[in-house]
Structures are given as C-alpha cells and as structure tokens.
Amino acid sequence: MADYNKEEIRRIEDKWRAAWEQRGVYKVSNKSNKPKYYALDMFPYPSGAGLHVGHPLGYIASDIVSRFKRLKGYNVLHPMGFDAFGLPAEQYAIEHGIHPAKSTEQNIKNFIRQLNKIGFCYDWSREVRTCDPSYYKWTQWIFLQIFDSWFNRKKEKAERIAVLVSIFEQEGNVNHPFPNLKYKLPHSNKITFTNTEWKSFDEKYKQEILMQYRLAYLAYTDVNWCEALGTVLANDEVINGVSYRGGFPVVRKQMRQWSLRITEYAERLLKGLDEIDFSESMKEIQRNWIGKSIGAKINFKVKSEQSKVDSLTVFTTRPDTIYGVDFMVIAPEHEIVKDITSKAQQAEIDQYLKYVESRSEVERMAEVKKVTGAFTGAYAVNPISGREVPIWISEYVLAGYGTGAIMGVPCGDERDHKFAKHFNLPITNIIGSYYNGKEANPTYDAVLENSDFLNGLTMKQAIDVVVKKLEELGIGQRQVNYKMRDAGWSRQRYWGEPFPVVFKDDMPYAMDEKDLPLELPDSNNFKPSGTGEGPLANLKDWINISENERRDSNTMPTHAGAAWYFLRFTDPHNDKEFASREALNYWNQVDVYIGGSEHAVAHLLYARLWVKVLHDLGYLGFDEPFKKLINQGKITGDSRFVYRVRGTHKFVSAGLKGEYETDPLHVDVNIVNGLELDTEAFKKWKPDFANAEFILEDGKYICGSAIEKMSKSYFNVVNPDDIIENYGADTLRMYEMFLGPLEMSKPWNTNGIDGVFKFLRRFWNLFHDDKGNFSVSDTEPTREELKALHKTLKKVEQDIENFSFNTSVSEFMICVNELSSLKCNKRAILEPLAIGLASFAPHITEELWEKLGHEDTILNASFPQYNEEYLKENSFEYPISINGKVRAKMEFALDMPKEDIEKTVLAAEVVMKWTEGKPPKKVIVVPGRIVNVVV
RNA sequence: GCGGAUGUGGCGUAAUUGGUAGCCGCGCCAGACUUAGGAUCUGGUGCCGCAAGGCGUGGGGGUUCGAGUCCCUCCAUCCGCACCA
C-alpha cells in the first residue's frame, strides 16, 4: 500500500540514494568497449550561501543527457569538482578569522550534500578540488610547461625554450623578432641580435631576452590595482571601473606581474571557433574579445619647431580614407608630445596634460560626449598626398591601443567628426553624397572622390590599393591588430596556487618537477603586505629560501585551476602525470559542456589556450577542449514587496498604495502565496514587523512583484532543499526542465510545480490500483497504447539530442494522460516508459523498476527503440480552408489521390456554402497536411 | 554606438521548420465525490460578440494559395563589448 505522497517520496529517494552509493553504480571505468561520452558541468565555486534553484538548472540538463547516453549504450563520464580557490573565502577569513581551507571544506561538504539530494549521477570518486595540493601540483606543472615555451610564429605553434635557445645560438633572433613590438634590448636599444652577440650575453641578460618570448612571462604591466582588495584584477573582473567583487575603486598601477602570452594564440583561438559547436552569440563574444582588425601601419613625417622627431606611426583599419585625413590625434601620454610641442602651444598643452592627469581612467572611458583636446603646434605630412595636417592630443586616443596615434578622418569617423566640428577643423569630403555634412558616415561602399589615384574606386577596393602603394613606397605596411591583451596571471592573494619558481638575481627559474607541488604555506595572516605584494610576502621564512633565492609572493588566479580540470577528470588520481595519455585519448574532448554565459571570455578562452599549448607540446591529441557548449539561461528571482506607509507601521496592499505615500520593502517570497501575503507569518518574520497593521483589499494583502537576480538581500532565494522537502527531487528536476528552454533566462515561480508533481503521481498510479497496491498486468497492449508509448519515446529521444527538455516533459505528461484514460497498467507499456522517464526522474523509476521485478539498476537497462510501425496513420483529418481560413474538417485516407480529395472537398456542402457555387480559382491539396480552396 | 538575442492568452510556454496558432502546465470558472483538503476526478477557458461571425503571435509593409515561421522597416526588453582607431 503506497501513495506517491511526501512520506513515500522521502522513503523512496533516501532509499535509492543510499543504494546507488553503496553499490557504486556511478563509478565510471576508463576501460570499456563502449563508445565514450563526456558530459561536463562548469564546476562551481563553493560559496558559503549554498545552492539556490538557479544553480542546478544546467546540472539537471547534463545529468539527463548523461543518464540517457548511458541507457543508449555509451560509457559516460559525468564528473563534478570544485573551483575551490578564490577571493570570497579569503575575504571571509579576513573578516571572521576562519582559514580559507576550513571554510572551503565546509562549503564543499554542503554543496555535495545538496547536489546528492537532487540525485545526480556524478562519479564522486573522480571529484577534484583546485585547492588540493595533489591537484594544484599539476596546475603548477602545466604552468611550468607554459613558462618553458615560446610561440614559433613560423610554425604557428608553441615550442620548448630550448629550441629557441638553439636558434639564437645559430642565427640570433633575426627570424624571430620580439613578440612585443615596443621592446628594445636594454643598453643597445636595438631589436635584433646576432648569434655571436647571443653567445656573448651573460646569464641574466639571456634570461631577460628569453622572458620576452616565454608564453608565461614576467613584465611590468599596467594592472588594475584595487587598494581595498589589495589585489590586481583582470579586465573582466572590473566592472565600470570598480571591482567585480565588492565594488571597490580600481586604479592603474605598474607591477611586475606574470602574464600569459595569449595574444600569440589570437589567430588560432579565432580560427578554432569555426570547428566547435558553440552558440553563435558565444562565438561572437569571443570574436569581439579577440578583436581582430586588419589595416595598415602608416608613417607620417613630422614637422615641428624642435625637429627632434622624424615620424609618427598610426594604425588604421581604413587606409582607404588616406585622402580624408584632416588632422592627427595622439594620446596625451604619447612619448613624442614633449618633443613636438611648439613654444606658442606649450602653455595650452601643459594645461591640457594637467587636466588629463586629473582624469581617472574610468572617467576617460565613461565620458563619450565631451570633446577635449589641444593643438601641439606641430604638423604631420600625409605620405601619400603630401598634405600637412595639424597634430593634436586628446584623451579619446589611448596610449595602450595600436600605436597610440590615429589619423583623423572626420567625414568617415564619428569621433573624428565631433572632434573636427568642436575645434572648427576643416572637413575634407572624400565620399561625395555619402557625407551629409552633419554626421560622419563610416561606409565601405562609397565611391571615392578627392582622392587622386583612388578616385572612382569603392572604399573596399581602395584598401588593398593603398596598402600596396604604402608598401611599395616603404612608408607603411599591412598590419593585423588584435584588441585582446595578454592575460594577467598574478594575484596579490593568499588563497591560490603559489608560483613554482625560484628567483635568483631577480630572474625566475622553474622548480624541479620532483619538488612539486610547492605547497601553500599555512598562515593566519591573509592581509595584504601593504607593499603591493600579496600576503605571502608576510611569511619571511617561506619567501626567502636563502640569501639570494626568493619565492614569488603572488598566487595564480582561479582561472588557472579551471583551465584544465576537465583533463584531470579523465585520470584524477594519477600522481605521475596530470593525466595519462591513454585516459586523455580515450575520453578525448568534452562532448557537451553546460554552463553560464558569464564565463564567455575569461574561463573559456583560458581553457582553450591551455589545451592548445598542451597540444602543441605533445601532451594532447586535440587542441579544442569543448566540442559543444550549451549556455543555460539564468533563473531570476521573483521578488515580492510590501508597501509601508511612510512614518508608520501600516502596510498597504499593492492595489491601494496610490492613496498613500509609501516605501516598498522586499519581503521573503517564502511567506507569500502567489501575490497574497501571509500577514501572520509576516509579523513573525522580523521583530520590526511584530505589530504591523495592514490595509487590505478584498480582505487580502496583495504584494507587488519584480523580476530580479536571485539574491539573499532581495529575500527572493528559493532553496532546492525546501522544494525537495515538499515535493521530492524528481519533481524538482522535472519542474526545472519544464520551465522553458534551457538556454533562455526565466523567472523562478514555484506556483506551477504542482502540475509536475501531479504528473509523477499519475505516472505512479498507472502501476498501482485504487488501494495503492502494485498492480501490473501482462496482457498484450492495444495498438492505441503502443502508439502513445512509441510517440513519446520518439519525441523524447529527439528532444534530448536537441537539448529541448521542456518539450520532453510535456510529452511525458501527454503520454501519462493518455495511458491514464486508457486505464493501461500493462507491463509491455509501462516498463519501457519507465526507462524513458528514468533520465528525468531517477528515483521513482528505480523504485518502480524494482517493483517490476528487476534486480539490477534501471541505469543498466537499454533505452527502448521506438518503432515507426506503431506511429503510422492510415487516415488524416484534413483542415479544409477557404481563402486561407479553416472552415471545415474532413477525414481522408492518407493514400487517397489528390484529385479525389479535391473532388470530394468541392462537392461538400460546407465548401459550397463558402464558394457560393462559384468554381474555385485554385485548389491546393498538401497530402497529410491541408486543403486550401481559393475562390 | 557596435554586436548578439528575445517579443505568442492572466502566467510559464508549444507549434511537425512555410500548412489547423495556443500543445503541456499554472491560474481561473463550473460540476462530481460529500473524505472540509492548499486533496482527487470531470468539463470549460485567446479576445470581442447572445449568435452568425469577426479579430488575433510587439507595430507597419511585402512575398505566398497559405506567414508565429521568409524578406524589408520600425519599436520594446535583455545580454555582451565599448573613445579598440
């Protein structure tokens, strides 16, 4: 005797969770004759807040896919781990004195508890934690491989530093110029050296030079320094000039930092996008980030009073507009400013430079409308037209981009146009009627005018012509520019991977592999050192190995551990290698990776980079980690508000709030049913509200609502534990899928969950009689029952392959509705249906599977193949439309000839009524679809 | 500003990819059981209209026998990037 009620659900779900764990049914072997399938979730940062219902959305989807693939005969790798280093734990340690290792450990425990309750089929024996020394040993090891590599542009791949050294010994660097175009050899100021010169350099000098090539390198870089966090932030960790976490101000500061030379891989990262199945929008975001632009570097001769500077180089993507150049603008920080400013302009320039200094980077970025600038008094000579144009400085040109100088083409560029208008500079029109005198037109389609030898060409054509001319004359060259910058890889933090290097004479040397991991020293002091160095600098004994040997006081960013964890899952306990080649070859690429789109540029690019480097060095057989990426939409919170009449403890219902002066207050969604507030619960919610009074409408207190991000501070967080408590994990899983398409964002609303719960109960009832006794018959199924089953099996299989889970849930509901009204309790129908549903609702189906007499888990069953035979129809009820509007329905055999259908339709009374007896202009018969009569 | 998406009942959504718009669920209405339940079952429910019928997929236009679906245009919302030359 058993109803599918709260008690029974808890009994079933607890029973099977324990049984699965005990039997180890989720253990996955690397040795199998089955085809492999690798389904991966973006592993979570174990925050102290635990999971809310938004987190498991993607996990449920990947769990369904994993279980489905297993039923389809695949060996499925579906692991989970934790991105366990990170700032929040360190912040927490600073505030509460609890060691990050301890709080992280507790948080992970809680996460695992919550995840297990939902019934995921993770192979926990493969769990990895990035903060575990046995894991970060290999993060450090891979870092050292990157450190020991350079990018051979000729071969477009990474090679060992030793290869580079032997090249230098033979030919110097003439064929392999410094990747950084601005770099010049110390002392000599040159950019090349010969093999003899190389051999004459001392050790430190050689290391300094090699550092210019290493894929992981140290350099003084402008970094986002956040005083409050005492740390450097990556570009993507800075939002609107404040830190992503905490919202503290960020300023620029020069520090000697580790960077990854990801720019060398820009082209391959771009090209790789064509081979992988990411959404178009995701690829577009990455393309934008990489920001490839093709253009030209052009040298302009400079005429200034001081005659100190010969030329000025600009980068432009629009060399075709060369005849439209009316002025030049260089960044205020540009090194030539002081050397070209005329006496007459000196005061104005000084004043402007002062103004720019007072402006933070943030302000310069944020301000778009204001036009500022100053004339240097110098002129540049257009190398093609010979025309002299004034050189200005302006904050809208940034020193860090391109060459820090642009050619101003007001008729074709909006900012240049504003600049010209503001300072009354002349505007040369080279695009005829495409320019209206009021705003710039950045078209590529115009036919050029006022452009000498380019006249009559379209702008598109002219680009190549100009570049060729520039190269012929030796005054410029084709140039590819990438917006992307190298990735800052140092953090002034404690809770991260220490860099496995030793500094001798200020140069870093790789630690021996046998000495890895370099463990994070235990400490209770997590505060920044105050010198700009990280907390590790406080540990003198650790930092200073000997008199002239020192460790790095920085640690790696969380991106490091996340850049390769999917590789470790294939062989998580290997203490000889980061993963065996055999395991890597077997599991190969991740077949589907599900996670949020917020990792679009950082994590996904770094993971792709690390895999490419490891591939180039011969450790991997593939160079893209993720074959397919799915971005689940965010689940937003549905907040509720009460309206307090200002200065009172009276609360007015939403419909009446217009009559009072009120302040809206967030109220806990858990004490609101739909929109109706539980006023008693509200009084108990917080002491402040204990003697609240309510102004009701129709006897109810109605709340206001808003869709916002799910957050504790909005009191709109729904915890999966509570849902499971009331409805069970199977209902939660199916409801999350039922909400809508996986990739769409949607608000969470628990109201609809009853429908899914009732569905599972009805499914359960198919297997039980009125009294709750298990009752399944072995009678032959009818054709109708078979059709209901096979239609569902077909749709569900297709839906899962398309990651369309919401439609699967609907389909199951339809099937169970049909079988319920057919009162079907036949084994031949219910058993395959249970397997079909097992991926979505593992607990209930496992229980019924056992009741059906099976000893092995349903996980080892085979997904039933649908039979097209049962789905065939022999007749179809045609909608008969007249002039495109459906007016009648008529049933015809599916093999009935078109002509016969047409005749019968035209003869029908209903049709005659609409055609008024007139002969139709046209009759369209689409077999199995529709008949349309045109009058 | 650039790029990407999205827009369908009161709500979440579906639509065989050019062929009956609104499947499934929530909510709502009515009824049954009479076991007082936030239970279950049955029926109804896009809008207007007593009806016949008309109108309906963000707005406008187009292609087509036929458009939620394709094209043009405009609007709104969300996301990403942003003085990137």
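Below, read A as the first sequence line, B as the second, and so on, with proteins coming before strands; counting in each chain starts at 1. Model, not experiment: these values are computed from the prediction.
Base orientation of B:rG9: syn, since the glycosidic angle falls within 90° of 0. In this structure, B:rU69 is classed as anti because its glycosidic torsion departs from zero by more than 90°.
In this structure, of B:rU40, B:rA85, B:rG25, it is B:rU40 that holds the atom nearest to the side chain of A:K758. Ranking B:rA14, B:rC65, B:rC83 by closeness to the A:N806 side chain, first place goes to B:rA14. Of all nucleotides listed (B:rU16, B:rG25, B:rA85), B:rG25 comes nearest to the side chain of A:M813. Distances from the side chain of A:L739 to the nucleotides B:rC81, B:rC65, B:rG12 place B:rG12 closest. In this structure, the nucleotide among B:rG3, B:rA15, B:rA85 sitting nearest to the side chain of A:T807 is B:rA15. Distance from the side chain of A:R929 is smallest for B:rG19 among the nucleotides B:rG19, B:rC65, B:rA85. Distances from the side chain of A:N932 to the nucleotides B:rG19, B:rU20, B:rC83 place B:rG19 closest. Proximity note for A:P879 (side chain, C-beta onward) versus B:rU20, B:rG25, B:rC65: the nearest is B:rU20. Of all nucleotides listed (B:rA85, B:rG80, B:rC24), B:rC24 comes nearest to the side chain of A:S810. Distance from the side chain of A:F738 is smallest to B:rG12 among B:rC55, B:rG12, B:rC26.
Rounded to whole Å, the C1' atom of B:rC47 lies 16 Å from the corresponding atom of B:rC28. Remark: the separation of the C1' atoms in B:rU16 and B:rA21 is 14 Å, to the nearest Å. With P as the reference atom, B:rA15 and B:rG25 are 16 Å apart, rounded to whole Å. Rounded to the nearest Å, the gap between the C1' atom of B:rC26 and that of B:rU45 is 13 Å. The separation of B:rA14 from B:rU77, taken at their C1' atoms, amounts to 22 Å, rounded to a whole angstrom. Across the C1' atoms, B:rU57 and B:rG22 are found 9 Å apart, a figure rounded to whole Å. B:rG9 and B:rG68 have their C1' atoms separated by 14 Å, with the value rounded to a whole Å. With P as the reference atom, B:rC24 and B:rG46 are 12 Å apart, rounded to whole Å.
In this structure, A:F763 has its ring center at least 6.0 angstrom away from the ring center of A:F812.
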**Message:** Walk me through whether A:D769 and A:K771 qualify under salt bridge (Lys or Arg N to Asp or Glu O under 4.0 Å).
**Reply:** CA-CA 5 Å; A:D769 63 20; A:K771 299 194 178 71; over 6 Å; no
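Using modelled atom types, no side-chain atom of A:D3 and backbone atom of A:N5 make a donor-acceptor pair closer than 3.5 Å.
A:D416 comes within contact range of no nucleotide atom at all, as no heavy-atom separation falls under 4.0 Å. Contacts of A:I814 with the nucleic acid, taken as non-hydrogen atoms under 4.0 Å apart, involve only primed sugar atoms and P, OP1 or OP2. Counting non-hydrogen atoms under 4.0 angstrom, A:P741 reaches the backbone sugars and phosphates but no base. Within the nucleic acid shown, A:N817 comes within 4.0 Å of sugar-phosphate atoms alone, with no base atom in reach, counting heavy atoms only. Nucleic acid contact class of A:V926 (heavy atoms, under 4.0 Å, all strands): base.
Comparing A:Y735 and A:I285 along RNA chain B, the residue whose closest nucleotide (by nearest heavy atom) sits nearer the 5' end is A:Y735. Residue-to-nucleotide proximity on RNA chain B shows that, of A:N883 and A:M407, the 5′-proximal contact is made by A:N883.
In summary, the side chains of A:Y396 and A:D416 do present a donor paired with an acceptor at a separation below 3.5 Å, with no hydrogens or angles considered. In summary, the side chains of A:T372 and A:Y352 do present a donor paired with an acceptor at a separation below 3.5 Å, with no hydrogens or angles considered.
Under 3.5 Å, the side chain of A:K889 and the base of B:rU20 form at least one donor-acceptor pair of N or O atoms.
Using a 4.0 Å cut-off, some side-chain N or O of A:R761 falls inside it from OP1 or OP2 of B:rU40. Using a 4.0 Å cut-off, no side-chain N or O of A:R887 falls inside it from OP1 or OP2 of B:rA52.
Between A:N806 and A:D799 there is no side-chain heavy-atom pair separated by less than 4.5 Å.
Applying the 6.0 Å contact sphere to CG of A:D770 captures no more than 12 heavy atoms from other residues, nucleotides or ligands.
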